[in-house]
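Quick caveat: nothing in here was measured; it's all calculated off a predicted structure.
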Amino acid sequence: EMMMEGAAVKIQSLARGKLDRHRVDDIKLKREEKQHAMFQHTDQSVLIEEQQDFYPGDFSEEQAAAAVAIQQRARGMRDRKRQKELKAHGKLPGQQRSEAAAYALLPDSERQAREVATLKLQTRARGMNDRKHVREHKAAGSLPGQVRHAAGQAAPPGSPLVADTTPEETVEVEGGEAAV
């Protein structure tokens, strides 16, 4: 019976230990979540309140504010150091335009040849686009000069096919009048 009692005590202590370790893990997890949440906020008063909730009664408001200021300065220093390293390695967003840097290193003759080729491509593209528009307008019959008048009909006033004439400028010819 003593052996059974000893075994029961051992099993109970192991079970209590396991439960306590789970409780400690939960406490640690909650603490880490609160710390992570503190760093996500930028409002200093929110940080101070959360710190006071996190460490109730351990710090005064001045101490909490000082801790926040120190943390902000440390993060700023860390971020500036990181930016400096990225800049030194050419990994900042503005520095990653390697094509522009490589283009600047080309000899003048190569750059000029590329510019001429670029202009030719652009000219060809514009020509193709213009020809496409002409085909579309031609199919729709809306190109200038496509408007045909039936034989014997006069063009409408203001049409480019009709010259502005005044009575003094007309001359009688056989079969009708003609503009001078």
Original post:
Atom NZ in Lys120, atom OG1 in Thr123: separation rounded to 0.5 Å?
Top reply: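 It is 9.5 Å, given to the nearest 0.5 Å.
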Original post:
Looking at CD1 of Ile27 and NE2 of His22, how far apart are the two atoms once the value is rounded to the nearest 0.5 Å?
Top reply: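 Here the interatomic distance stands at 13.5 Å.
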Original post:
Sequence neighbours excluded, which residues qualify as side chain to side chain donor-acceptor pair (under 3.5 Å) partners of His133?
Top reply: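 Per chain and number, His133 pairs via side chain to side chain donor-acceptor pair (under 3.5 Å) with Asn129.
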Original post:
What residues, two or more places apart in sequence or in another chain, satisfy side chain to side chain donor-acceptor pair (under 3.5 Å) together with Ser142?
Top reply: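 His137.
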Residues in salt bridge (Lys or Arg N to Asp or Glu O under 4.0 Å) with [X], at least two apart?
X	result
Glu136	none
Arg82	Asp79
Asp20	Arg23
Arg131	none

Extract all donor-acceptor atom pairs below 3.5 Å that involve side chains of residues 5-18 and protein atoms in other chains or at least two apart in sequence.
unit_1: Ser13; atom_1: OG; unit_2: Val9; atom_2: O; d: 3.4
unit_1: Ser13; atom_1: OG; unit_2: Lys10; atom_2: O; d: 2.8

**OP:** Taking the side chain as every heavy atom from C-beta outward, state whether Lys132 and Arg135 have any pair of such atoms under 4.5 Å apart.
**Re:**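 Yes - at least one pair of side-chain heavy atoms lies under 4.5 Å apart.
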**OP:** Starting from the C-alpha separation in whole Å, work towards a yes-or-no answer on side chain to side chain contact (heavy atoms under 4.5 Å, CB included) for Lys28 and Arg31.
**Re:** CA-CA 5 Å; Lys28 285 181 181 179; Arg31 182 177 290 160; 5.6 Å; no
Original post:
Which residue pairs satisfy the side-chain hydrogen bond (donor to acceptor under 3.5 Å, both in side chains) criterion with at least one member in residues 105-118, sequence neighbours excluded?
Top reply: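 Found Tyr103-Glu115, Asp108-Arg111, Glu110-Arg114.
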Original post:
Just one of Glu85, Arg78, Met77, Lys84 clears the side chain to side chain contact (heavy atoms under 4.5 Å, CB included) bar with Lys81, so which one?
Top reply: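 For Lys81, the side chain to side chain contact (heavy atoms under 4.5 Å, CB included) test succeeds with only one of Glu85, Arg78, Met77, Lys84, which is Glu85.
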